[in-house]
Asks: 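Here it is, the structure, as structure tokens.
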Amino acid sequence: MSDHILTDLNPAQKEAVVWPAEKPLLVLAGAGSGKTRILTRRIAHFMAQGIPSFSILGVTFTNKAAEEMRKRVRKLVRQEVWISTFHSACLRILREEGPAIGLPKDFTIYDDHDQLVLIKECLKELNYTEKQCHPKGAREAIQRAKDYLLTPYQYQERTTDPYEEMVARVFVKYEEKLTRLGGVDFGDLILKAVFLFDRKAKALEAWQDRLRHILIDEYQDTNHAQYRFVKQLASKYKQITVVGDPDQSIYGWRGADIHNILNFEKDYADSGVIKMEQNYRSPDVILGAANALIQHNEFRKPKLLWGEKGKGERITLYEAVDEKDEAEFVIGEIQKYQREGRTLNEMAIFYRVHAQSRIFEDVLRRAKIPYKIVGGIRFYDRKEIKDLLAYLKAIASPRDDVSLKRILNVPHRGIGKKALELLEEFQRKQHLSLSETLHRAKEISELGARTAKSVQDFHGMIEGFRKRVGKISVRELLEKMIEKTEYVDLLKAEHTIEAEARIENIEEFFSVIDDFEEMGQEGDLPGFIESISLFTDLDTWDSGTNTLTLMTLHMAKGLEFPVIFMVGLEAGLFPNFNALGREAEEELEEERRLCYVGITRAQAKLYLSYANSRRIYGTVAHNLPSRFLTELPAELLETRTRFSKEEDEDCEIEIDYDS
DNA sequence: AAAACGGGCTTTTTT
DNA sequence: AGCCCGTTTT
């Protein structure tokens with residue numbers, strides 16, 4: 001009855017799709033083997049068998065992947081399925097069940113920047129300097145602890161040295177503050193859901209009965225908290241499908257535990273295991289390079305990718321004089337491809353660290369090639385966007401002191417350091433929120449008359465906006481706010497290029513708002529804030545527009561492009577020395593997997609390059625070529641330098657695009 | 001007391 | 001490019 005669900009599948013793929021829905025299934029899917037296809041078809045197949053769509057939960061790594069998968073399922077069976085990231089899924093559960101574990105109904109999400117602000121406040125109160133305890137270091141420790149489901153007190157018990165004890169005290173304070181503010185951070189979303197399911201057996205069972213079929217993508221990159229969440233949900237019916245590739249596990253530094261996938265068969269008795277090694281993406285040269293590279297990893301299960309796309313063109317290795325030479329070579333090749341009819345969205349540049357993007361930006365701008373950097377200085381990290389967002393957050397959540405404090409004197413309204421100190425002192429003594437403190441500012445005698453007036457005016461303005469939430473659209477709200485605060489007018493008055501750029505970003509922000517409001521919920525301010533707090537740069541990236549894409553190798557996972565330039569293959573940069581810590585061997589293997597991910601993104605042609613001298617982080621480094629280059633079979637490479645002769649075009653192009 | 005300015009530092013990867 | 005911090009200007 002539903003032939004289209006089973007057409008164009010190879011035997012392994014078909015087996016994975018039709019594997020009984022009642023049984024656990026592990027699909028070890030090599031790069032480019034049709035992983036997404038299996039998941040969507042399997043979901044469609046479930047529904048064709050009469051399994052209701054509302055009993056299915058699909059989990060992917062990014063919102064973009066989730067959207068893509070929803071779209072494909074919709075096309076196959078014309079039904080909507082709940083497919084989202086772990087974070088979004090847990091958020092939805094907590095919105096329903098939060099009060100059962102003491103979460104306020106209107107809890108807000110604190111992103112990593114908010115976390116940092118909060119940690120800095122904690123340090124101040126505990127009299128630690130930022131030299132003693134680096135805020136970012138503390139944040140990382142806290143995030144890792146949450147990935148492992150540790151409470152601050154459990155973390156404290158496990159400390160082994162004075163530094164960790166210090167972090168533990170910060171963690172305790174941080175958690176207190178967060179609770180008081182009615183906030184949860186990213187890690188909390190998963191952690192609290194697990195906590196809920198641990199404590200409330202009834203709630204757990206209700207969700208188990210509701211979501212009887214669970215499918216997880218990129219299972220090799222799940223952390224312990226996510227693993228527990230899945231295990232809780234799946235433990236009653238054990239109707240779980242996981243798909244992943246241990247060779248593409250690249251988030252160990254973020255708490256991902258490769259053992260989750262390696263131990264799946266032990267966790268779920270009678271599970272089916274299906275290996276998919278046929279690759280539909282890349283020609284043999286690229287698969288050969290990928291296979292050869294990854295075999296240098298000692299801790300892995302054997303696997304060999306093979307394809308039917310033909311030999312393909314050799315990988316070009318470019319030996320650059322310096323980073324400028326490297327960038328100019330890459331852009332030159334891109335222009336050559338453009339002349340041959342390739343579009344910019346068919347090509348991409350991958351690098352190990354964001355800092356490498358600068359030189360490419362310079363050269364691309366000069367060449368007038370439109371480009372988009374995914375990640376890096378994210379749109380939502382820009383000062384002006386953070387300011388406006390803080391306004392919206394402060395209006396939407398009166399308890400959000402962090403946001404309110406950010407905008408208290410932005411733009412300048414005469415509420416400086418001293419005034420803030422007085423306000424905070426009053427706040428502490430009276431146990432108030434910052435908003436309530438502002439309301440009662442006239443009770444603080446030390447505050448000058450002019451400052452007190454300024455504070456009251458500010459508070460009055462915020463209160464005024466709060467009353468209009470829901471009555472007017474988010475766009476109108478922000479427009480009125482910008483008008484009242486003269487935020488844009490003040491930027492215009494600067495008459496600088498920088499200010500111009502900021503105004504453009506604000507316009508871009510309005511189009512984000514419009515996109516949200518067109519989806520139906522006009523005026524839903526909390527909904528808008530929530531939607532962007534879980535979105536990443538990648539989620540808004542549009543692969544359809546004719547623009548060149550630049551991104552880190554981490555962001556490239558799951559994507560594919562006909563032509564790929566992997567740059568900066570130098571010892572120290574990639575593998576990255578900073579990534580090699582105590583468990584150097586394991587971490588080196590993760591770097592190698594990252595390289596493997598990069599190579600296997602190429603659908604037709606791959607370029608690798610390194611520079612003999614590179615200016616980065618303000619100094620000039622003379623790096624040796626990456627060890628990964630020597631791990632590739634020499635016969636798959638053709639080496640070029642800026643002095644080597646251009647080869648004839650016709651012997652260079654020998655790719656068989658049709659097969 | 002607030003604002004403006006300049007120097008120094010920062011970056012490994014991010015849901 | 002942003003943030004912190006010390007110094008100078010308003």
Side-chain angles (χ1 to χ4, degrees), chain A residues 59-66 84-91 109 111-113 116-117 120 129-131 134-136 139-140 143-144 146-147 185-190 218 221-223 225-226 250-256 350-358 361 374-378 381-387 406 409-422 446-448 450-451 454 494 498 501-502 505 533-539 551-558 568 572-581 587 590-591 593-595 597-598 616-619:
Chain A
V59 180
T60 59
F61 207 62
T62 64
N63 291 301
K64 192 178 181 60
S84 73
T85 61
F86 276 107
H87 291 87
S88 304
C90 289
L91 173 65
I109 300 168
D111 65 21
D112 47 2
H113 182 264
L116 210 59
V117 174
K120 284 176 186 172
T129 65
E130 293 188 13
K131 282 245 162 66
H134 291 262
K136 283 185 180 165
R139 178 178 65 185
E140 183 144 325
Q143 285 173 338
R144 274 317 67 76
K146 291 192 175 190
D147 286 342
D185 60 29
F186 282 144
D188 282 338
L189 289 172
I190 319 286
E218 308 277 14
D221 278 323
T222 49
N223 64 32
Q226 292 163 339
I250 55 173
Y251 284 100
W253 54 273
R254 209 175 71 184
F350 298 158
Y351 36 75
R352 176 67 239 264
V353 300
H354 286 301
Q356 288 170 259
S357 69
R358 260 272 295 287
E361 286 194 77
V374 180
I377 308 146
R378 294 202 339 273
D381 286 341
R382 296 199 139 94
K383 193 180 165 299
E384 58 279 13
I385 304 302
K386 277 196 292 200
D387 284 342
R406 179 182 175 98
N409 200 27
V410 177
H412 295 306
R413 48 175 73 88
I415 308 169
K417 198 171 147 233
K418 188 76 194 171
L420 182 63
E421 266 171 37
L422 290 167
E446 298 99 316
L447 221 52
R450 203 169 31 166
T451 316
S454 191
E494 280 181 32
E498 197 191 307
R502 291 190 193 283
N505 286 332
S533 61
L534 288 179
F535 260 67
T536 67
D537 217 31
L538 188 66
D539 300 324
M551 63 174 88
T552 61
L553 285 153
H554 281 88
M555 309 232 53
K557 189 175 75 164
L573 190 60
F574 189 32
N576 194 281
F577 280 157
N578 294 334
L580 305 180
E587 282 151 342
E590 181 154 311
E591 292 284 298
R593 290 194 291 267
L594 191 56
C595 188
V597 167
I616 193 167
Y617 306 136
T619 52

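Residue numbers start from 1 in every chain, and the chains themselves are labelled A, B, ... in the order their sequence lines are given, proteins ahead of strands.
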Asks: For C:dC5 and B:dT11, measure between their P atoms and round to the nearest Å.
Replies: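 Each nucleotide's P atom is 14 Å from the other's.
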Asks: Report the distance from atom CG of A:Leu420 to atom P of B:dA3, rounded to the nearest whole Å.
Replies: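 My rounded result for the distance is 12 Å.
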Asks: Write down the distance between NZ (A:Lys136) and P (B:dT14), rounded to a whole number of angstrom.
Replies: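 After rounding, the reported distance stands at 13 Å.
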Asks: Would a 4.5 Å heavy-atom cut-off, applied to side chains only, mark A:Glu494 and A:Arg502 as touching?
Replies: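 Counting from C-beta outward, A:Glu494 and A:Arg502 never come under 4.5 Å.
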Asks: Classify A:Arg502 by what it touches in the nucleic acid, base, sugar-phosphate, or nothing, heavy-atom distance under 4.0 Å.
Replies: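 Sugar-phosphate contact only.
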Asks: Side chain of A:Lys120, heavy atoms from C-beta onward: which of B:dT13, C:dG2, C:dC4 has the nearest atom to it?
Replies: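 Closest nucleotide to the A:Lys120 side chain: C:dC4.
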Asks: To the nearest angstrom, how far is A:Gln143 atom CD from B:dT14 atom C1'?
Replies: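 Atom CD in A:Gln143 sits about 9 Å away from atom C1' in B:dT14.
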Asks: Any side-chain heavy atom of A:Phe186 sitting closer than 4.5 Å to one from A:Leu534?
Replies: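 Side chain of A:Phe186 against side chain of A:Leu534, heavy atoms only: contact under 4.5 Å found.
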Asks: Would you say a side-chain N or O of A:Thr451 is under 4.0 Å from OP1 or OP2 of B:dA1?
Replies: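 Indeed not, no polar side-chain atom of A:Thr451 lies that close.
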Asks: Let me know the distance between CG of A:Asp147 and P of B:dT15, rounded to the nearest Å.
Replies: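 Taking atom P of B:dT15 as the reference, CG of A:Asp147 is at 13 Å.
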Asks: Between C:dG2, B:dT15, B:dT14, which one does the side chain of A:Asp112 approach most closely?
Replies: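 That would be B:dT15.
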Asks: Can you tell me the distance, in whole Å, between the CZ atom of A:Phe186 and the C1' atom of B:dT15?
Replies: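 Value for this atom pair: 7 Å.
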Asks: Counting only Watson-Crick pairs (N1-N3 plus N6-O4 or O6-N4) and G-U wobbles (N1-O2, O6-N3), all under 3.5 Å, who is the partner of C:dC5?
Replies: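 C:dC5 is paired, partner B:dG6.
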Asks: So what's B:dT11 paired with, Watson-Crick or G-U wobble, going by both distances under 3.5 Å?
Replies: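 B:dT11 is unpaired by these criteria.
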Asks: Rounding to an integer number of Å, can you tell me how far A:Tyr351 OH sits from B:dT11 C1'?
Replies: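 Computing the A:Tyr351:OH to B:dT11:C1' distance gives 13 Å.
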Asks: How many angstroms lie between CZ in A:Arg593 and NZ in A:Lys557, if you round to the nearest 0.5 Å?
Replies: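 Result: 11.0 Å between the selected atoms.
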Asks: As a test of reading the structure: which of C:dC3, B:dT15, B:dT11 is closest to the side chain of A:Arg406, going by heavy atoms?
Replies: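 Given the options C:dC3, B:dT15, B:dT11, the side chain of A:Arg406 is closest to C:dC3.
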Asks: Indicate yes or no: does A:Lys386 engage A:Asp381 in a salt bridge with an N to O separation below 4.0 Å.
Replies: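 Salt bridge absent between A:Lys386 and A:Asp381.
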Asks: I need the A:His87 NE2 to A:Asp188 CG distance, nearest 0.5 Å.
Replies: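 A:His87 atom NE2 to A:Asp188 atom CG measures 10.0 Å (nearest 0.5 Å).
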Asks: Over how many whole Å does the gap from A:Glu130 atom CD to C:dG2 atom P extend?
Replies: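 A:Glu130 atom CD is separated from C:dG2 atom P by 18 Å.
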Asks: Look at the side chain of A:His412 and decide which nucleotide, out of B:dT12, B:dA4, B:dT14, has an atom nearest to it.
Replies: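 Of the candidates, B:dA4 comes closest.
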Asks: Rounding to a whole Å, what distance do you find between A:Ile616:CD1 and B:dC9:P?
Replies: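 Answer to the nearest Å: 18 Å.
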Asks: Categorize A:His354 for me: base, sugar-phosphate, or nothing, with a 4.0 angstrom heavy-atom threshold over every strand shown.
Replies: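 The answer is sugar-phosphate, as A:His354 gets under 4.0 Å only of primed atoms, P, OP1 or OP2.
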Asks: Heavy atoms only, 4.0 Å cut-off, all strands: where does A:His87 land among base, sugar-phosphate and nothing?
Replies: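 Base: the residue A:His87, judged by heavy atoms under 4.0 Å, touches a nucleobase.
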Asks: For A:Lys386, which contact category applies under a 4.0 Å heavy-atom criterion: base, sugar-phosphate, or nothing?
Replies: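 Touches sugar-phosphate only.
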Asks: Between A:Ile415 and A:Leu534, which is nearer to the 5' end of DNA chain B once each is assigned its nearest nucleotide?
Replies: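 Its nearest nucleotide lies further toward 5', so the answer is A:Ile415.
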Asks: Quick one: which of B:dT11, B:dA1, B:dT14 gets closest to the side chain of A:Lys418?
Replies: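 The listed nucleotide nearest to A:Lys418's side chain is B:dA1.
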Asks: Can you identify which nucleotide, out of B:dT14, B:dA2, C:dC3, has its nearest atom closest to the A:His554 side chain?
Replies: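 Nearest to the side chain of A:His554 among the choices is B:dT14.
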Asks: Name the nucleic acid region contacted by A:Asn409, choosing base, sugar-phosphate or nothing; use a 4.0 angstrom heavy-atom cut-off, strictly under.
Replies: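 Sugar-phosphate only.
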Asks: Just checking A:Phe577: base, sugar-phosphate only, or nothing, at a heavy-atom cut-off of under 4.0 Å?
Replies: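 The residue A:Phe577 makes no contact with any strand.
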Asks: Measure the distance between the ring centre of A:Trp253 and the centre of the six-membered base ring of B:dT13, then answer whether it is under 5.5 Å with planes under 30°.
Replies: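 Yes; centroid distance and tilt both under limits.
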Asks: If you check the A:Thr536 side chain, which of B:dT11, B:dT12, B:dT15 turns out closest?
Replies: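 Nearest listed nucleotide: B:dT15.
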Asks: Do A:Gln143 and A:Asp112 come within less than 4.5 Å of each other through their side chains, counting heavy atoms only?
Replies: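 Yes, at least one pair of side-chain atoms sits under 4.5 Å.
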Asks: Compare all side-chain heavy atoms of A:Leu91 with those of A:Ile109 and state whether any distance is below 4.5 angstrom.
Replies: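 Touching, per the 4.5 Å side-chain cut-off.
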